[in-house]
Amino acid sequence: MSEPKENVLMEKIVSLCKRRGFVYQSSEIYGGINGFWDYGPLGAELKRNVKEQWWKTIVHHRDDVAGLEATIIMHPKIWEASGHVATFTDPMCDCLLTKKRFRADQVEAQSGTAYHYEGAEDPETVTCRDPFSVLLPPGKPPESARKVAKEFYQQRGVSNPTLIGERTEKLEGTTRYNPENGAQLTERKPFNLMFKTYVGPTATEADVAYLRPETAQAIFAQFKNVHETARQKVPFGIGQMGKAFRNEVTPRNFTFRSREFEQMELEFFIKPDEAVEALAGSVAKAADNAWQGEPQADWGWEVWHKYWVEQRIRFYEGIGLTRDCFEEYWQKPEELAHYARACVDILYKFPFGTQELEGIAARGDFDLAQHEKHSGKTMGVFDEELRAAWGKLDEAKKAAMQAKFIADKTAAGLKKGATEADAKVQAEAEAKVYFDKLAKGQYIPHVIEPSAGVDRLILALLANAYSELTTTDEKGKSETRVVMKFHPRIAPVKVGIFPLLKNKPELVAKAKAVRDLLRPHMTVFYDDGGAIGRRYARQDEAGTPFGVTIDFDTLGEKPELLDTVTLRDRDTQQQTRVAIQDLLGLLLPKVR
RNA sequence: GCGAGCGUAGCUCAGCCUGGUAGAGCGUCACCUUGCCAAGGUGAAUGUCGAGGGUUCGAAUCCCUUCGCUCGCUCCA
């Protein structure tokens, strides 16, 4: 058994996916469409299984999570509140000379003399009338501007350019030129990563809506409804799976970065640490590994965060991805988005590099607070016990909590660039509002967000399952075949069913009876085509973990083996003799 | 969006330079044969050579455009 490396491996996986019907390019007969992929018969089963495992693990097998299935198009104000309208729009421009791309808002301001040209000519070739200009910092000779301009016109086909219409202009603080070479940049082009559409027949600016770039915001928007109808109390979570859309600049690496993709997201709402402290007396420390057990009343956000990281990794282990497939990346404080307190990326070691499979962020109360602000509807919850507990708290403890809150908020304000005095005044005002509400038992829940990409996970599972088996026959001819070692829980087909020979009606009839016995409980594939070894090999390539072969002993050639079959294990190729009546009881626990 | 490379049967690829009307291996399907790991035999299907246009008597081959893929730049809340 060997593991092929790098792009070769990726190419093999892509090829297998097409050949066996895991993944096809979308719209292939029309030449394909960049960043969109379809799942074929085996891929569709695989994906269903993965999603079902997630839903079972996150929603069904827990008391404290409820499900949601929201629309893809939502009120556009949701994306203003979430920040996506602002942050997903990056103005870009390119250097006219080197074509290098810049974020227009990140080009440093420069001053100097701009040399403008109307074009260039060369009597022997052509004349170019495209205007161009070059910015020179103070003190540089005009000749260097002309050199850059000539290069520009040479690129445009004027092989020996004479510049036309040079004029100069003093500029202060301009961002229209490439700081590296002084060449003019193109006009700014806005680049919005959200897919835009129109709701209703008129298609005016007033009708603009977006396809959701993440499923999470629907959960925040429906938080109040779910909280009231699901009879859940904080801490509790809302899980959702569904399609999301991002107009990625560069879809890459097969299905890894697609423009239409599916997410599995949980928003787990928790009490703010101050409420936990008031209720439980203290907030548990994350360092003591308490987070590996059952949730406790004294868990603050740090412990909950670690708890979910561990839960998620256990989920991956449950579908065949061992811990050594992953790297955990704890984002450094300076890398965190402004609303996040901590974020862990679970990275999978893909053949093309180690890349993010899931992000688990501790987001504070940012999202719900934003929606409260933008919608005008309260997102807070009321907790009777908290009100009572707060009333019994001694004043020293309250004062200590407030002091810490103010110190943290002040530090955050300073980081955003406020003066120390302003930050302090602001923090004190926030503290007053916050603690007044807390005393009444009111708060906006904080949230831990484990957010996973389904399609990325599918790709990880494909890469993880891929293995090659080289066999050499007695003639010395060696052959390499592919075995997809999916965990039985996610394997598209659970069991292949084969009559040893197809020209013996008794074998065929018995095999079909076994198929009908198992089919109500798991995916089966009946195959009577070709030699038995070939059928095993075909199922190995599809990742089918078990094979059942009906032979003459099944029919009672050896009376003691009547109604037994051989059960073949995909990974070991071992065969065991099993009574037909025991098959279901043996297989079912392994595939569920 | 820019640059480079690539696109021929379901898959992997040859043919392209030097135009003459498309091939191999594997797979698929049918039949025969089958006695547990891609066995053998016989037969068959499958390509508007990524698409469009141009040059030419004639284009998979030369030229232009376009779409897709890969890599790099850029982007990735």
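All values reported here derive from a predicted model rather than from experimental measurement. Chain letters run A, B, ... following the sequence lines, proteins first and then strands; every chain starts at 1.
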**Study point:** Check: A:Glu557 side chain, B:G35 base, donor-acceptor under 3.5 Å
**Key:** yes

Check your understanding: Can you tell me how far C1' in B:A51 sits from the matching atom in B:C69, rounded to whole Å?
Key -> 15 Å

Check your understanding: Are A:Phe256 and A:Phe352 close enough that their ring centers fall under 6.0 Å?
Key -> yes

Exercise for review: Hey, which sits more toward the 5' end of RNA chain B by its nearest nucleotide, A:Phe261 or A:Gln575?
Suggested key: A:Gln575

Review point. For the side chain of A:Lys18, counting heavy atoms from C-beta on, which of B:U34, B:C71, B:G10 is nearest?
Key: B:G10

Review point. Across all strands shown, which nucleotide pairs with B:C11 by Watson-Crick or G-U wobble geometry, both distances under 3.5 Å?
Key: B:G25

Check your understanding: Can you check the A:Phe498 CZ to B:G35 P distance for me, whole Å?
Key -> 17 Å

Exercise for review: Please name all residues satisfying side chain to side chain contact (heavy atoms under 4.5 Å, CB included) with A:Thr549, sequence neighbours left out, ordered by chain then number.
Suggested key: A:Phe498, A:Leu500, A:Ile532, A:Tyr536, A:Thr566

Point to revise | Any-strand Watson-Crick or G-U partner of B:C69, both distances under 3.5 Å | key: B:G5

Practice item. Classify the nucleic acid contact of A:Ser15 as base, sugar-phosphate or nothing, counting any heavy atom under 4.0 Å across all strands shown. Key: sugar-phosphate

Exercise for review: Give a yes-or-no answer on whether the side chains of A:Thr215 and A:Glu265 include a donor-acceptor pair shorter than 3.5 Å.
Suggested key: yes

Exercise for review: Kindly say whether, by distance alone, the side chain of A:Asn34 makes a donor-acceptor pair under 3.5 Å with the base of B:C67?
Suggested key: no

Review point. Whole-Å distance between B:G10 P and A:Leu42 CG?
Key: 19 Å

Check your understanding: For the base of B:C36, is there a side-chain donor-acceptor partner from A:Thr566 under 3.5 Å away?
Key -> yes

Check your understanding: Is any N or O donor-acceptor pair between the side chain of A:Arg568 and the base of B:C36 shorter than 3.5 Å?
Key -> no

Check your understanding: Watson-Crick or G-U wobble partner for B:U61, using a 3.5 Å limit on both distances?
Key -> none

Practice item. Please determine, for B:G35, whether a Watson-Crick or G-U wobble partner exists with both distances under 3.5 Å, and give it or none. Key: none

Exercise for review: Look at the aromatic rings of A:His84 and A:Trp79 and report parallel, tilted or perpendicular, splitting at 30° and 60°.
Suggested key: perpendicular

Practice item. Could you tell me whether the side chain of A:Ile458 reaches within less than 4.5 Å of the side chain of A:Leu462, counting heavy atoms only? Key: yes

Review point. How long is the line joining CD of A:Glu11 and C1' of B:C71, in whole Å?
Key: 11 Å

Practice item. For B:C16, give its Watson-Crick or G-U wobble partner with both distances under 3.5 Å, or none. Key: none

Check your understanding: Pick from A:Trp37, A:Phe22, A:Phe36: which one makes a ring pair (Phe, Tyr, Trp, His ring centres under 6.0 Å) with A:Phe254?
Key -> A:Trp37

Exercise for review: Taking the side chain as every heavy atom from C-beta outward, state whether A:Val447 and A:Leu368 have any pair of such atoms under 4.5 Å apart.
Suggested key: no

Exercise for review: Measure the distance from CG on A:Leu16 to P on B:G10 and round it to the nearest whole Å.
Suggested key: 17 Å

Practice item. Any chance you could measure A:Tyr329, atom OH, to A:Asp345, atom CG, to the nearest 0.5 Å? Key: 8.0 Å

Study note, to complete from the structure: Between NZ of A:Lys12 and P of B:C11 the distance, given in whole Å, is 17 Å

Revision key, fill the gap. When rounded to whole Å, the CZ to P distance for the pair A:Arg19 and B:A9 reads 15 Å

Study note, to complete from the structure: Comparing nearest nucleotides in RNA chain B, the 5'-proximal residue of the pair A:Leu500, A:Asn253 is A:Leu500

**Study point:** Length of the CG-P vector between A:Leu507 and B:U34, whole Å
**Key:** 13 Å

Point to revise | B:G35 phosphate, OP1 or OP2, under 4.0 Å from A:Asn503 side-chain N/O | key: no

Practice item. Tell me the partner of B:U74, counting only Watson-Crick (N1-N3 plus N6-O4 or O6-N4) or G-U wobble (N1-O2 and O6-N3) with both under 3.5 Å; none if nothing fits. Key: none

Check your understanding: Taking atom C1' in both B:G72 and B:U65, what distance in whole Å separates the two?
Key -> 24 Å

**Study point:** Whole-Å distance separating the CG atom of A:Asp527 from the C1' atom of B:C36
**Key:** 14 Å

Review point. Paired with B:U48 by Watson-Crick or G-U wobble geometry, both distances under 3.5 Å: which nucleotide is it?
Key: none

Check your understanding: Phosphate oxygens OP1/OP2 of B:U28: is one of them under 4.0 Å from a side-chain N or O of A:Arg538?
Key -> yes

Review point. When we call it a touch if two heavy atoms are under 4.0 Å apart, what does A:Gly359 touch: a base, just sugar-phosphate, or nothing?
Key: nothing

Check your understanding: How long is the span from the CD atom in A:Glu267 to the CZ atom in A:Phe223, to the nearest 0.5 Å?
Key -> 11.0 Å

Study note, to complete from the structure: Sorted by number, residues from residues 530-537 of chain A placing a heavy atom under 4.0 Å from RNA chain B are A:Ala531, A:Ile532, A:Gly533, A:Arg534, A:Tyr536, A:Ala537

